[in-house]
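The chains referred to below are lettered A, B, ... by the order of the sequence lines, with proteins before strands, and numbering in each begins at 1. Computed from a predicted structure; not experimentally measured.
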Amino acid sequence: MALVGALTPLGKVARNYWLKSVIAFTLAGCTSAVLVGGLLGLLGRVLQTTVGFRSVLSFQSLTAVALVVMARELGWINFPLPEQKRQTDKVWAHEFGFVTASAMWGFHIGSGFSTYLTNGGGLLLVCVALAVGKPTLTALLMATYWLGRATPVWLLATIWPNQHSTHLVEAIAITRPTYKHSAGVASLWLTIAAARCALQAGHIWTLPALRMIQ
Amino acid sequence: MDSKIYQSGLRRITYWVVLAALAVGIALLPYHPEAALFPAAAVFGWSQIGGL
């Protein structure tokens, strides 16, 4: 769970060690998120320029995908996400020490799709990257996604420095519907923002299939 | 501290995260619609807290 269970208990026993580990975790994750985001944006640009991908996956299609993800996260429909059904490697802590392992965990998780996904937001951001086709923008978007993932590791150890980690992990599991609903609200917001982007770009509101024919 | 106190705290933090993200998004939307995508990305990331 974004390593909350692994990294936050360290905060109460060795504050400096925790700080180094969390900084390494965040920076390494940011690096891989920027790389993946940039590459996805580049792929979007290549697809748009070479095969007219924008006609197929334009902002209109993006709003449709975002609505489907919203419905999933709000519990109205249910389908499995294409995800790696695995966690990051805990044994790295024993092999490389906690600070290096934290950096490796960050780099691994920061790529966005190498471990379990609890909501479709990350995949929606891939669609954004392909629809927008702007490597800098999508690199920053993926970095923001990563910083959102890393925030609990910073925040929870700060506001509850003497937390009981088992109870905290249990509380996170029990409050899981709250996070799914938050992702649903974020998907709705992304729908609105994508629609506004489409209007600004001067895209007409027709079905993408019709636009291909035109 | 038992689990219920954490549950209440986590819910409250999440509501504030979502509200803050929406406020930033609404402020950005009329002028920089692409930048308004960022608050959604941050909330998606935060929401991964419930993952493994």
Side-chain angles (χ1 to χ4, degrees), chain A residues 1-2 4 66 73 87 115-122 124-125 128 132 134 137 140-152 155-156 159-160 162-164 166-168 170-183 185-187 189-190 192-197 199-200, chain B:
Chain A
M1 42 195 64
V4 166
E73 303 313 330
Q87 290 182 269
T115 54
Y116 285 103
L117 295 173
T118 60
N119 64 66
L124 201 47
L125 293 178
V128 171
V132 171
K134 293 180 180 174
L137 178 78
L140 292 174
L141 261 182
M142 290 306 285
T144 306
Y145 175 62
W146 166 251
L147 291 175
R149 284 186 87 165
T151 301
L155 194 65
L156 301 187
I159 58 174
W160 292 312
N162 297 311
Q163 92 286 121
H164 188 298
T166 312
H167 286 166
L168 182 59
E170 185 188 315
I172 289 172
I174 292 169
T175 50
R176 193 171 173 181
T178 306
Y179 313 123
K180 282 188 73 70
H181 293 162
S182 305
V185 171
S187 302
W189 177 254
L190 196 134
I192 295 166
R196 180 72 180 81
C197 287
L199 283 174
Q200 194 185 44
Chain B
M1 219 191 283
D2 78 6
S3 165
K4 283 189 180 167
I5 294 167
Y6 293 127
Q7 289 173 41
S8 140
L10 286 165
R11 283 200 186 94
R12 206 173 308 151
I13 295 167
T14 303
Y15 296 145
W16 279 110
V17 166
V18 174
L19 280 176
L22 282 176
V24 172
I26 289 167
L28 288 170
L29 191 67
Y31 313 104
H32 307 286
E34 286 182 350
L37 298 167
F38 284 85
V43 174
F44 288 141
W46 172 270
S47 302
Q48 278 285 131
I49 187 179
L52 294 163

Item to check | Between A:I192, A:L137, A:V185, the one whose heavy-atom pairs under 4.5 Å with chain B are most numerous | outcome: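 It is A:L137.
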Item to check | Among A:L124, A:L141, A:T166, residue most engaged with chain B (heavy-atom pairs, under 4.5 Å) | outcome: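 Sorted descending by pairs with chain B, the first entry is A:L141.
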Mind listing the closest non-hydrogen atom pair of [X] and [Y] along with its distance?
X      : Y      : answer
B:P30  : A:R196 : O-NH2, 3.0 Å
A:A171 : B:S3   : CB-O, 3.6 Å
A:Y145 : B:Q48  : OH-CG, 3.7 Å
B:F44  : A:A183 : CE2-O, 3.3 Å
B:S47  : A:T118 : O-OG1, 3.5 Å
B:V43  : A:S182 : CG1-O, 3.5 Å

Checklist entry - Which of these passes side chain to side chain contact (heavy atoms under 4.5 Å, CB included) with A:W189: B:L37, B:V18, B:L29? => result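 Only match with A:W189 under side chain to side chain contact (heavy atoms under 4.5 Å, CB included): B:L29.
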Next on the checklist: Give me each pair satisfying salt bridge (charged side-chain N to carboxylate O under 4.0 Å, His left out) with a member in residues 33-49 of chain B, each pair once, sequence neighbours excluded.
Outcome noted: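 Those involving residues 33-49 of chain B are A:K134-B:E34.
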Next on the checklist: Is B:I13 in contact with chain A via its backbone, its side chain, both, or neither, using a 4.5 Å heavy-atom distance?
Outcome noted: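 Side chain only.
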Next on the checklist: Can you tell me which portion of B:A21 sits under 4.5 Å from chain A's heavy atoms? Options are side chain, backbone, both or neither.
Outcome noted: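 The answer is neither part of B:A21.
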Checklist entry - Highest number of heavy-atom pairs under 4.5 Å with chain A: which of B:P39, B:A35, B:A42? => result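 The answer is B:A42.
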Item to check | Side chain, backbone, both or neither of A:S187 within contact of chain B (heavy atoms, under 4.5 Å) | outcome: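 Both parts, backbone and side chain.
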Next on the checklist: Quick check on A:I159 against chain B: is it the side chain, the backbone, both or neither that has a heavy atom closer than 4.5 Å?
Outcome noted: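 Answer is side chain: those atoms of A:I159 sit under 4.5 Å from chain B.
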Item to check | Step-by-step side chain to side chain contact (heavy atoms under 4.5 Å, CB included) determination, B:Y6 to A:I174 | outcome: CA-CA 10 Å; B:Y6 293 127; A:I174 292 169; over 6 Å; no
Checklist entry - When you look at B:T14 and A:T175, which way does the side chain to side chain contact (heavy atoms under 4.5 Å, CB included) test go after all the steps? => result CA-CA 10 Å; B:T14 303; A:T175 50; over 6 Å; no
